[in-house]
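For the single chain, residues carry numbers from 1 onward in sequence order. Note that the coordinates shown come from a computational prediction; the quantities given were computed from them, not determined experimentally.
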Amino acid sequence: ELGLYGFEATLIPVLSFEFVSLESLFEKLSHPECYGGLVFTSPRALEAIKICLKENNKNEAWLKSLKQRWNTKPAYVVGKATASLVEEIGLIPQGDKSGNAEKLAEYICSREKPDSSALLFPCGALKREVLPTALREKGIPLESLTVYQTTQHADLQEALSRYFSQQGIPASVVFFSPSGVKFCLQHIQKLSGDFINHIKFAAIGPTTADAMEAAGIPVCCTAESPTPQDLAAGIQKALRPQNC
């Protein structure tokens with residue numbers, strides 16, 4: 001998408017994920033009758049389910065009856081990437097136009113009744129409390145289960161150093177998550193030195209933009225929605241102002 005605007009983009013993996021509590025996850029997935037639906041705010045939560053289902057007997061149970069039983073209940077998702085993974089496991093996503101946890105929480109609250117069966121929320125150890133808090137305030141029960149942990153990618157520092165030594169100071173740096181800001185920023189500051197003011201920093205969405213501002217980074221653009229198209233358009237605007 002960035003290439004269509006004539007930009008050359010380098011992707012540097014920032015995060016590594018370790019999956020945990022998968023037996024417990026499948027145990028809960030085996031009892032759709034205990035829950036009012038599912039909530040997914042990250043593609044990683046779906047990856048955890050897919051790892052669970054790789055075991056033959058579990059996949060068989062899923063295809064035979066569990067998938068169908070879960071499909072009588074909503075599967076709420078935060079964005080397009082997560083929605084497509086929900087579809088891959090045979091469920092029908094709802095709320096995928098939300099784009100962030102705040103808006104998804106509003107969407108869920110408009111559709112769920114207080115004191116109904118709990119929604120099952122497989123999530124990461126670093127999840128923000130926005131969605132659980134919003135649902136709690138409306139009396140909508142949510143059962144969170146940590147199914148992955150986020151750590152810094154083993155090659156991050158080396159990959160950043162290599163980029164700066166080979167390509168120099170980038171015109172723009174895009175962050176895709178608050179964790180990305182946390183793990184990258186000090187390395188970028190060190191490698192850029194006084195030239196850091198020349199870099200246009202962009203965010204995939206408002207949550208990441210907030211984390212950037214909290215870390216003292218001026219945010220030159222935030223994608224209108226978390227899609228490659230909107231991100232590319234935002235960066236194009238930031239790097240090539242119309243009046244120049």
Side-chain angles (χ1 to χ4, degrees), residues 1-17 40-47 76-88 93 95-107 124 126-128 130-131 150 152-153 156 159-160 163-164 167-185 187-189 191-192 195-244:
E1 201 61 39
L2 287 161
L4 295 175
Y5 286 98
F7 297 128
E8 187 188 326
T10 303
L11 179 67
I12 295 179
V14 173
L15 308 175
S16 286
F17 301 99
F40 299 109
T41 58
S42 146
R44 251 68 54 194
L46 274 309
E47 284 172 36
Y76 295 112
V77 301
V78 84
K80 296 272 187 291
T82 309
S84 64
L85 289 170
V86 166
E87 286 169 347
E88 278 179 30
D96 57 317
K97 291 191 174 67
S98 306
N100 62 43
E102 285 88 342
K103 292 206 176 89
L104 182 63
E106 282 172 28
Y107 180 81
L126 298 178
K127 77 168 187 315
R128 291 163 72 237
V130 171
L131 189 136
T150 308
Q152 178 176 312
H153 196 283
L156 174 63
L160 283 168
Y163 177 92
F164 275 80
Q167 306 201 44
I169 306 294
S172 178
V173 171
V174 185
F175 288 114
F176 288 84
S177 69
S179 311
V181 178
K182 181 178 134 189
F183 294 138
C184 282
L185 185 57
H187 301 312
I188 290 171
Q189 284 168 328
L191 291 162
S192 309
F195 292 100
I196 195 156
N197 299 331
H198 297 188
I199 301 172
K200 302 273 191 195
F201 287 96
I204 190 66
T207 307
T208 303
D210 289 347
M212 290 160 70
E213 279 166 5
I217 308 177
V219 181
C220 77
C221 85
T222 304
E224 271 184 36
S225 68
T227 64
Q229 292 78 7
D230 284 337
L231 180 64
I235 292 172
Q236 153 83 353
K237 224 176 195 171
L239 289 180
R240 301 185 180 153
Q242 301 308 303
N243 55 0
C244 286

Compare every heavy atom of [Y] with every heavy atom of [X], then report the nearest pair and how far apart it is.
{"X": "Ala215", "Y": "Leu185", "result": "CB-CD2, 3.6 Å"}
{"X": "Ser84", "Y": "Ala81", "result": "OG-O, 2.9 Å"}
{"X": "Leu131", "Y": "Ala101", "result": "CD1-O, 3.9 Å"}
{"X": "Gly180", "Y": "Leu15", "result": "N-CD2, 4.4 Å"}
{"X": "Arg240", "Y": "Gly6", "result": "NH2-O, 4.3 Å"}
{"X": "Phe176", "Y": "Ile204", "result": "O-CG2, 3.4 Å"}

Answer whether the closest heavy-atom distance between the side chains of [X] and [Y] falls below 4.5 Å.
{"X": "Asp96", "Y": "Lys80", "result": "yes"}
{"X": "Ile217", "Y": "Phe175", "result": "yes"}
{"X": "Leu239", "Y": "Tyr5", "result": "no"}
{"X": "Phe201", "Y": "Val219", "result": "no"}
{"X": "Glu1", "Y": "Leu231", "result": "no"}

Return the set of residues passing side chain to side chain contact (heavy atoms under 4.5 Å, CB included) with [X] (not counting sequence neighbours), or none when no residue passes.
{"X": "Gln167", "value": "Glu8, Thr10, Tyr163"}
{"X": "Cys221", "value": "Ala202, Ile235, Ala238"}
{"X": "Asn100", "value": "Glu102, Lys103, Pro206, Thr207"}
{"X": "Thr82", "value": "Phe40, Pro43, Leu46, Val77, Val78"}

Could you measure the distance from the [atom1] atom of [X] to the [atom2] atom of [Y]? Nearest 0.5 Å is fine.
{"X": "Lys127", "Y": "Thr150", "atom1": "NZ", "atom2": "OG1", "value": "12.0 Å"}
{"X": "Ser179", "Y": "His153", "atom1": "OG", "atom2": "NE2", "value": "14.0 Å"}
{"X": "Leu126", "Y": "Lys182", "atom1": "CG", "atom2": "NZ", "value": "5.5 Å"}
{"X": "Lys97", "Y": "Tyr107", "atom1": "NZ", "atom2": "OH", "value": "9.0 Å"}

Quick one: list whatever passes ring-ring contact (aromatic ring centres under 6.0 Å, His included) with Phe195, sequence neighbours left out.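 Only His198 meet the ring-ring contact (aromatic ring centres under 6.0 Å, His included) criterion with Phe195.
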If the condition is ring-ring contact (aromatic ring centres under 6.0 Å, His included), which residues does Phe164 pass it with, not counting sequence neighbours?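 Partners of Phe164 under the ring-ring contact (aromatic ring centres under 6.0 Å, His included) test: none.
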Flag yes if more than 12 heavy atoms outside Glu224 fall under 6.0 Å of its CD atom; otherwise flag no.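 Atom CD in Glu224 is not crowded, with 12 or fewer foreign heavy atoms closer than 6.0 Å.
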